[in-house]
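Scope of the values below: all heavy atoms of this structure, side chains included, with no hydrogens, waters or symmetry mates. We're numbering straight along the sequence, starting at 1. In each ligand, atom 1 is the first atom listed, and ligand 1 is the first ligand listed.
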Amino acid sequence: MSYQLTEELEMLRQVVRRMAEEKVASRAAAIDEEDAYPWDLKELFAGQGLLGVGVPEEYGGTGQGLPAVCLIVEEIARVSASASLIVAAQELGLMPILLAGTEEQKEKYLPTLASGERICAFALTEPNAGSDAGSIRTWARREGDMYLLSGQKCFITNGGIADVYTVFASTDPGRGLKGLSAFIVEKDYPGFSIGKKEKKMGVRGSPTTELIFEDCPVPAANLLGKEGDGFKIAMMTLDRTRPVIGAQAVGIAQGALDYAVNYTRERVQFGRPVASFQGLQFMMADMATRVEAARQLVYRAAFFIENAAALGASTGEISRLSSMSKLFASDVAMQVTVDAVQLLGGYGYMREYPLERMMRDAKITQIYEGTNQIQRLVIARTLLENEK
Ligand code: CAA
């Protein structure tokens with residue numbers, strides 16, 4: 001299946017690009033330096049309806065789907081990866097509700113998440129359950145019409161600022177990953193608190209914290225799907241959000257490339273602009289080719305996943321393209337930002353210029369929503385399964 005951006009999506013790209021250049025770019029260095037969540041930008045994005053494009057219209061979104069989420073995240077990440085996470089993390093947090101919520105749960109939560117009135121977060125990772133997401137220890141034991149949650153999560157994007165958390169916990173510790181269940185937890189439930197806030201290499205300004213649950217009562221009505229569905233809900237969520245991280249990586253890489261190309265035109269050494277040296281031209285040509293290839297894979301994945309039902313796509317086909325898009329685009333972002341720093345020479349290493357920030361930001365795209373080693377494992381498994 002090929003894909004083409006519709007006129008509506010092209011317009012969305014232009015509108016978001018202008019907004020990012022006019023309102024976000026000038027804030028990017030300060031967000032990184034101060035490591036403070038940019039509430040004003042959250043309000044700006046919410047006001048433009050950018051937090052609800054992945055949510056169907058009947059639940060308060062615009063229903064433009066995954067390609068639109070990717071476009072928005074890419075364009076914002078071109079100037080600030082941290083700001084683009086406001087959109088990406090909202091999509092990740094609400095996806096389990098969209099995929100597995102009852103009508104009542106969707107009506108209760110999705111409209112305020114789509115409008116940005118409330119922020120959400122996805123709480124899967126634990127100190128001993130990172131790549132091995134199935135070995136979660138957080139325990140949810142049923143008592144009457146409540147579950148009592150106990151345990152600890154770590155590395156949670158939007159921790160401490162989110163109003164709604166989709167939390168994965170075991171309802172049957174003897175059954176391993178088949179005993180995991182997913183819950184909607186609100187920030188003010190008793191027994192729920194925020195732990196340590198991490199100091200990070202990049203995407204600073206996007207808070208990452210521990211979550212602590214001490215016999216936290218969660219209404220049974222907040223269980224997503226059935227007991228034991230949790231692992232599948234988590235995997236199906238990540239299948240649909242990894243291309244968004246791919247789009248973020250493309251945006252970071254494009255931003256770094258654009259900056260470096262402009263710089264080489266202005267920088268004069270040996271009596272001429274350094275852009276005139278073929279050694280640098282070849283570097284830039286390779287960088288641009290990689291960015292474009294990554295972009296094509298990300299949007300191919302986004303359109304395929306968006307139309308998966310109509311295409312009769314299997315879970316394996318969805319997972320494969322999703323993982324490929326994040327794997328390839330994030331590796332490109334890392335290579336391109338390292339090369340962009342190199343093109344600026346000593347200035348690239350200085351904090352006065354944006355490239356060292358872009359390089360630090362690129363690194364996380366190879367790690368979060370599944371390390372690139374996990375993406376390779378997922379891709380390889382789908383190949384071997386198909387050979388059966
Ligand atoms: N869709 C639906 N079901 C799936 C699935 C998918 N994509 N992938 C697996 N499953 C099902 C399997 O079919 C299997 O069920 P059955 O036994 O009924 O067939 C079950 O789940 C177990 O699957 P596996 O045997 O493949 O499980 P595994 O433990 O061997 O491997 C893994 C799974 C792919 C390694 C997985 O643990 C994984 O993706 N790990 C990475 C976790 C991750 O991405 N964490 C990121 C945290 S979020 C984050 O970073 C966000 C942030 O802050 C920004």
>> Which residues pass the salt bridge (Lys or Arg N to Asp or Glu O under 4.0 Å) test with Asp132, not counting sequence neighbours?
In response: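 With neighbours one apart ignored, the set is empty.
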>> Taking salt bridge (Lys or Arg N to Asp or Glu O under 4.0 Å) as the definition, give me every residue that meets it alongside Glu352, ordered by chain and number, with sequence neighbours left out.
In response: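 For Glu352 there are no salt bridge (Lys or Arg N to Asp or Glu O under 4.0 Å) partners, ignoring immediate neighbours.
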Between ligand 1 and the protein, which N/O pairs are shorter than 3.5 Å?
residue: ligand 1; atom: 7 (N); partner: Asp239; partner atom: OD2; Å: 2.8
residue: ligand 1; atom: 7 (N); partner: Ser319; partner atom: OG; Å: 3.2
residue: ligand 1; atom: 17 (O); partner: Lys178; partner atom: NZ; Å: 2.5
residue: ligand 1; atom: 18 (O); partner: Lys178; partner atom: NZ; Å: 3.2
residue: ligand 1; atom: 18 (O); partner: Lys232; partner atom: NZ; Å: 3.3
residue: ligand 1; atom: 26 (O); partner: Arg381; partner atom: NH1; Å: 2.6
residue: ligand 1; atom: 30 (O); partner: Arg381; partner atom: NH1; Å: 3.2
residue: ligand 1; atom: 30 (O); partner: Arg381; partner atom: NH2; Å: 3.0
residue: ligand 1; atom: 31 (O); partner: Arg381; partner atom: NH1; Å: 3.4
residue: ligand 1; atom: 37 (O); partner: Ser131; partner atom: O; Å: 3.3
residue: ligand 1; atom: 39 (O); partner: Arg242; partner atom: NH2; Å: 3.3
residue: ligand 1; atom: 40 (N); partner: Ser131; partner atom: O; Å: 2.8
residue: ligand 1; atom: 44 (O); partner: Arg242; partner atom: NH2; Å: 2.8
residue: ligand 1; atom: 44 (O); partner: Gly370; partner atom: N; Å: 3.1
residue: ligand 1; atom: 50 (O); partner: Glu369; partner atom: N; Å: 2.8
residue: ligand 1; atom: 53 (O); partner: Thr157; partner atom: OG1; Å: 2.7

> Within the distance-only criterion (no hydrogens, no angle test), does the side chain of Gln90 pair as donor or acceptor with the backbone N or O of Gly52 below 3.5 angstrom?
Replying inline: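 No, because the side chain of Gln90 does not come within donor-acceptor range (under 3.5 Å) of the backbone of Gly52.
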> Do any N or O atoms from the side chain of Lys42 and from the backbone of Gly116 form a donor-acceptor pair under 3.5 angstrom?
Replying inline: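 Judged by distance alone, yes, a pair lies under 3.5 Å.
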> Does the pair Glu21 and Arg78 meet the rule for a salt bridge (charged side-chain N to carboxylate O under 4.0 Å, His left out), with working shown?
Replying inline: CA-CA 9 Å; Glu21 282 168 359; Arg78 241 177 105 231; 3.3 Å; yes
> Among pairs that include at least one residue of residues 207-239, which meet ring-ring contact (aromatic ring centres under 6.0 Å, His included), considering only residues two or more places apart or in two chains?
Replying inline: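 For residues 207-239: Phe192-Phe213.
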